[in-house]
Each structure stands twice: as structure tokens, then as C-alpha cells.
Amino acid sequence: MAEIKPFFCIRPSQELAARVAALPYDVYNREEACKEVKREPLSFLAIDRAETQFDDSVDTYDERVYKKAKELLEERILDGTFVADEKECYFLYQLTMNGRSQTGIVACASIDDYLNQVIKKHENTRAEKEADRIRHVDTCNAQTGPIFLAYRSNPVLNEVMDQVKREVPLYRFVSIDGVGHTVWRVEDAQRITLIRDIFASIEQIYIADGHHRAASAVKVGLKRREAHPAYTGQEEFNYFLSVLFPDDQLFIMDYNRVVKDLNGYSVEEFLEKVGESFVVEAMGEKPYAPVKVHEIGMYLDGIWYRLEAKPEVCIDHPVEGLDVSILQNTLLEPLLGIGDPKTDTRIDFVGGIRGLEELERRAKTDMRVAFTMYPTSIKQLFDVADAQLLMPPKSTWFEPKLRSGLFIHRLDG
């Protein structure tokens with residue numbers, strides 16, 4: 001059963017929330033992060049990516065960067081940019097993009113639930129990526145970027161959330177990318193008890209996005225336990241900041257692929273080889289996106305194609321039956337020689353938010369062929385996690401992205 005608890009939140013003052021809220025730290029490279037912080041100095045990115053406060057001679061992972069992050073956070077608490085709530089609360093966080101909304105509960109999840117697989121993952125993490133966030137969380141003594149969790153929709157919890165959303169929000173603003181953000185504070189004791197009890201009856205919760213942040217938060221918690229052998233399990237370092245969404249509100253976009261060359265094949269030879277595993281149909285110059293499972297779009301030499309996987313390559317398996325697996329196992333590896341997509345420099349990945357035009361642009365410039373995928377479903381994600389398996393890299397692209405800086409969880413309470 002899941003322990004999902006309210007927490008003492010550090011958050012922006014109401015008048016500054018829109019300026020503080022920032023996209024996750026890992027959607028920017030250093031140059032982009034510096035440009036964004038220059039545009040908006042109050043952006044939480046200045047704390048999440050404190051190398052923006054130094055010139056390029058200072059390495060992104062220099063000790064001074066983490067100390068600067070802590071310094072900036074403490075300064076902004078002292079100057080009133082952030083305020084500290086005096087009681088433990090939940091929050092509702094609604095994001096609205098292109099006319100559709102999803103509402104999650106902001107809370108703290110237990111590191112023990114992560115370790116015991118009540119909170120389930122579907123991706124591997126890389127130690128070098130974890131190391132950065134471990135140092136950031138440990139130095140700042142705070143979790144600043146929430147982990148995106150999902151659970152199977154619960155009607156009673158939905159009703160509680162609907163009641164809260166009829167009240168006056170704490171924040172309401174639209175970010176520069178057009179996404180609407182609305183936050184309500186849940187401070188009524190009866191509602192807090194009800195929410196906590198409902199989650200205690202939920203047997204599985206899933207990491208949708210933020211695997212590295214989750215793993216890092218857990219490792220910091222375990223480090224603190226070692227340093228405090230008399231810990232009770234109730235200390236704040238035993239929990240990590242999360243936003244939990246019902247599965248029926250989530251929106252997963254396609255996560256597409258571009259490859260640098262045809263691995264020595266001519267176009268005619270390549271299409272013939274593709275035809276061994278797929279029914280190939282030329283669709284012309286108009287961009288084509290697949291409309292169903294086991295269908296893939298391909299852009300090559302100015303022409304779009306529809307590839308429908310033949311029955312013999314459609315495997316009934318949580319991972320091997322995914323479209324991204326079918327593409328990898330029947331085309332990318334055997335034909336194009338992409339053995340390990342995590343490390344092969346001939347392949348790149350393009351989030352669906354960038355549109356089909358970006359795939360065309362890449363195929364005409366630094367790449368040769370593009371593939372557009374039918375989005376992985378939340379059910380497929382749950383099935384993989386329930387089977388204790390892992391998805392191939394770059395299988396899901398969630399939108400809209402949670403903002404950092406709206407909710408901060410102190411590790412010492």
C-alpha cells in the first residue's frame with residue numbers, strides 16, 4: 001500500500017509564481033539554460049542549473065555550482081521570493097495544454113515504497129545522470145523538481161479533487177509556451193485524511209517521468225539514513241516530492257527516431273528489405289503520422305511512407321510487442337546497424353512536441369531517414385512495469401511538462 005503524505009511546502013509568493021516556474025532542468029543544454037535565465041533571472045532554472053551563474057570556464061558539475069544553487073535558494077527564501085507554509089498540506093496542480101487539462105496531487109512519496117516496488121519504474125537509470133541530482137538535492141537539502149507519478153483513476157479521489165477545484169486557486173497563470181498552470185492548496189484536515197487513506201488502499205503507483213530524479217532522491221534518503229542510524233522513518237529525507245496523476249487524464253506523445261544513413265543500402269534496396277517485415281505504402285509528400293498500433297511512418301528522400309508491421313513480427317509481449325521494440329528489432333538493428341540506440345551516434349530521438357516538420361528538417365539536413373511512432377499508451381507502460389520489465393529507451397514523451405520551483409520539499413522539515 002502506498003504512503004503518500006502531505007508536506008511543509010516552500011513555494012513562490014503568489015505574485016512571483018509565474019516568473020519562478022521553470023521547465024525541468026534536463027530539457028535544456030547549458031547554452032539554452034543560460035539564455036532562459038538571462039531572459040528571466042527569477043526562473044528556478046537559475047537554481048536547478050546553477051552553472052548559469054558562471055562563465056564557461058566553470059564545469060557544469062563543479063562543486064561551486066552546487067554551492068551556488070544552495071546559496072540562491074537560501075537568498076530567495078530570505079528575500080521573500082519563496083514563502084514557507086506552516087502546516088502540512090497537499091496541493092492540486094492542473095496543467096492545461098491545447099484545450100485539455102490534467103490534474104495531479106502534489107505530495108511526498110515514500111522511498112520505501114520505491115524500494116519495495118509499490119512505486120514501479122519502467123526505465124533504467126544511468127549513474128552519471130543520477131550523480132548530478134544527488135549532489136544537487138544533498139547540497140540544497142531540498143528536492144526541487146517533482147517526480148511525475150501515475151495511478152489508476154479512483155472515483156472517490158476524483159470527487160475530492162473536483163470539490164477542491166471549485167475553490168479559489170492559490171496560483172493561476174499561463175507560461176510563455178502557452179501551458180496553463182493552476183494550483184490549489186488542500187489544508188482541510190478531513191480532506192487530508194481522506195486523500196492519505198485512499199492512497200493507502202492503492203497497491204501500485206507508477207513513475208511516468210523523472211526516473212533519474214526519483215532514483216537520486218531515494219539515494220540521498222538512504223545516505224541520510226546511514227548518517228542517522230537512529231532514524232524513525234518519519235524524517236523528511238524518507239520521502240520525495242511528487243505529483244500523482246490519475247491514468248485516464250494523462251497524455252503521451254510519440255517519441256520519434258532519425259537515422260544518419262541507410263547503412264550502405266540504396267533507397268530501392270532499403271525499401272525492399274523493409275518490405276520483408278512491413279507492408280510498405282508510399283503516401284506522397286504530405287507528412288504522415290501513424291493512426292494505430294503497429295503502424296509506423298517513415299520519411300525518406302522527400303517521400304512519406306506508411307509501414308504496417310506484418311503479423312509475424314507483432315509479438316504478444318509487454319516489451320517486445322511495443323512498436324518501438326518492433327522498429328528496433330526488425331529494422332533499426334538488422335537493416336540500419338543500430339545495435340544499441342542508447343550509445344549509437346548515428347541515431348537521434350525527436351519528441352513528438354516538435355512535430356513532423358522537425359523530422360523532415362532533420363532528414364534533409366544532418367540525417368537521412370526519419371520514423372514517426374504511434375504513441376505508447378499508459379496501459380502499455382503499466383503492463384511493462386507490472387511485469388517488472390523495462391521499456392526501450394525513448395519510448396514515452398509526456399506533455400505538458402511539470403514545472404520546477406512551484407513546490408520545494410526540505411529534507412530536514
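Heavy atoms only, all atoms of each residue included: V37 and A46 are closest at CG2-N, 3.7 Å. Of all non-hydrogen atoms in L42 and R76, the two that sit nearest each other are O-NH1, 3.2 Å. Here the closest non-hydrogen pair linking R257 and L327 is CD-CD2, 4.1 Å. Residue I347 comes nearest to P341 through the heavy atom pair CG2-O, 3.8 Å, listed as atom of the first residue, atom of the second, then distance. The two atoms that bring F371 and N256 nearest to each other are O-CB, 3.2 Å, heavy atoms only.
Checked by atom type and distance alone, the side chain of R346 never pairs as donor or acceptor with a backbone atom of K260 at under 3.5 Å. Proximity of a side-chain donor or acceptor of Q380 to a complementary backbone N or O of S377 within less than 3.5 Å is detected. The backbone N or O of L406 lies less than 3.5 Å from no partner atom in the side chain of Y171, so there is not a single donor-acceptor pair. Panel note: side chain R133, backbone G145; no donor-acceptor pair is recorded below 3.5 Å. Although no hydrogens or angles enter the test, the distance criterion places no donor-acceptor pair under 3.5 Å between the side chain of D85 and the main chain of K87. With hydrogens and angles ignored, the 3.5 Å screen pairs a side-chain donor or acceptor of E32 with a backbone N or O of N29.
Enclosure of atom CZ in R354 is not indicated, since only 12 or fewer non-hydrogen atoms of other residues, nucleotides or ligands lie within 6.0 angstrom. Within a 6.0 Å sphere centred on CZ of F349, other residues, nucleotides and ligands contribute more than 12 heavy atoms. By the 6.0 Å contact criterion, NZ on K165 is enclosed, its count of non-hydrogen atoms from other residues, nucleotides or ligands being greater than 12. No more than 12 heavy atoms of other residues, nucleotides or ligands sit less than 6.0 Å from atom CD of E203. Residue E86 places its CD atom among 12 or fewer non-hydrogen atoms of other residues, nucleotides or ligands, all under 6.0 Å distant. More than 12 heavy atoms of other residues, nucleotides or ligands lie within 6.0 Å of CD in E128, so this atom counts as buried by the packing criterion. The neighbour count for N98 CG, taken as heavy atoms of other residues, nucleotides or ligands under 6.0 Å away, does not exceed 12.
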Worked verdict on M1 versus V118 for side-chain contact (heavy atoms from CB on, under 4.5 Å): CA-CA 7 Å; M1 306 304 176; V118 172; over 6 Å; no
Stepwise side-chain contact (heavy atoms from CB on, under 4.5 Å) test for K401 and D177: CA-CA 11 Å; K401 301 293 185 188; D177 58 359; over 6 Å; no
Criterion salt bridge (charged side-chain N to carboxylate O under 4.0 Å, His left out) on D59 and R64, from CA distance to verdict: CA-CA 9 Å; D59 186 77; R64 288 171 289 179; over 6 Å; no
F382 and K120: CA distance, side-chain angles, deciding distance, side-chain contact (heavy atoms from CB on, under 4.5 Å) verdict: CA-CA 9 Å; F382 284 5; K120 300 183 176 184; over 6 Å; no
Derivation and outcome, salt bridge (charged side-chain N to carboxylate O under 4.0 Å, His left out), residues K223 and E226: CA-CA 5 Å; K223 179 181 177 183; E226 286 185 8; over 6 Å; no
V20 and F82: CA distance, side-chain angles, deciding distance, side-chain contact (heavy atoms from CB on, under 4.5 Å) verdict: CA-CA 9 Å; V20 169; F82 291 100; 3.8 Å; yes
Salt bridge (charged side-chain N to carboxylate O under 4.0 Å, His left out) evaluation trace for D138 with R224: CA-CA 9 Å; D138 208 19; R224 298 284 177 103; 3.1 Å; yes
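Judged purely by distance below 3.5 Å, without hydrogens or angles, the side chains of R225 and N238 pair a donor atom with an acceptor atom. Using a 3.5 Å distance cut-off with no hydrogens or angles, the side chains of W304 and E360 do pair a donor with an acceptor. For T396 and D209, the side-chain atoms include no donor-acceptor pair closer than 3.5 Å. Between the side chains of E130 and T125, at least one donor-acceptor pair of N or O atoms lies under 3.5 Å. A side-chain donor-acceptor contact under 3.5 Å links E295 and Y288.
Ion pairing between a basic and an acidic side chain is recognised when a charged N comes within 4.0 Å of a carboxylate O; R39 and E36 show such pairing. Salt bridge E3/R196: present, at least one basic N to carboxylate O contact under 4.0 Å. A salt bridge does not link R166 with D162: none of the charged nitrogens is closer than 4.0 Å to a carboxylate oxygen. Checked for salt-bridge contact, R126 and D26 miss the test: no charged N lies under 4.0 Å from a carboxylate O. A salt bridge does not link K310 with E312: none of the charged nitrogens is closer than 4.0 Å to a carboxylate oxygen. A salt bridge does not link E51 with K68: none of the charged nitrogens is closer than 4.0 Å to a carboxylate oxygen. Ion pair E123/K129 not flagged as a salt bridge, since none of the NZ, NE, NH1 or NH2 atoms sits closer than 4.0 Å to an Asp/Glu carboxylate oxygen. A salt bridge is absent between R361 and D366; no separation between the charged side-chain nitrogens and carboxylate oxygens falls under 4.0 Å.
Ring orientation note: the planes of F148 and F245 are tilted relative to one another, at an angle of 30° to 60°. Classified by interplanar angle (parallel below 30°, tilted 30° to 60°, perpendicular above 60°), the ring pair F407/F91 is tilted.
Residue R410 is tested with E236, E74, E235, E88 for a salt bridge (charged side-chain N to carboxylate O under 4.0 Å, His left out); the sole match is E74.
A cation-pi arrangement, defined by a distance under 6.0 Å to the six-membered ring centre and an angle within 45 degrees of its axis, is absent between K273 and Y265.
Side-chain atoms of Q102 and P400, non-hydrogen and from C-beta on, do get closer than 4.5 Å to each other. Counting heavy atoms from C-beta on, the side chains of P392 and L322 come closer than 4.5 Å. For the pair T330 and F278, the minimum side-chain heavy-atom distance is below 4.5 Å.
With sequence neighbours excluded, the residues forming a ring-ring contact (aromatic ring centres under 6.0 Å, His included) with H122 are H211, listed by chain and number.
Rounding to the nearest 0.5 angstrom, the gap separating the CG atom in L92 from the CG atom in L170 is 11.0 Å.
Centroid-to-centroid, the aromatic rings of F237 and H228 come within less than 6.0 Å.
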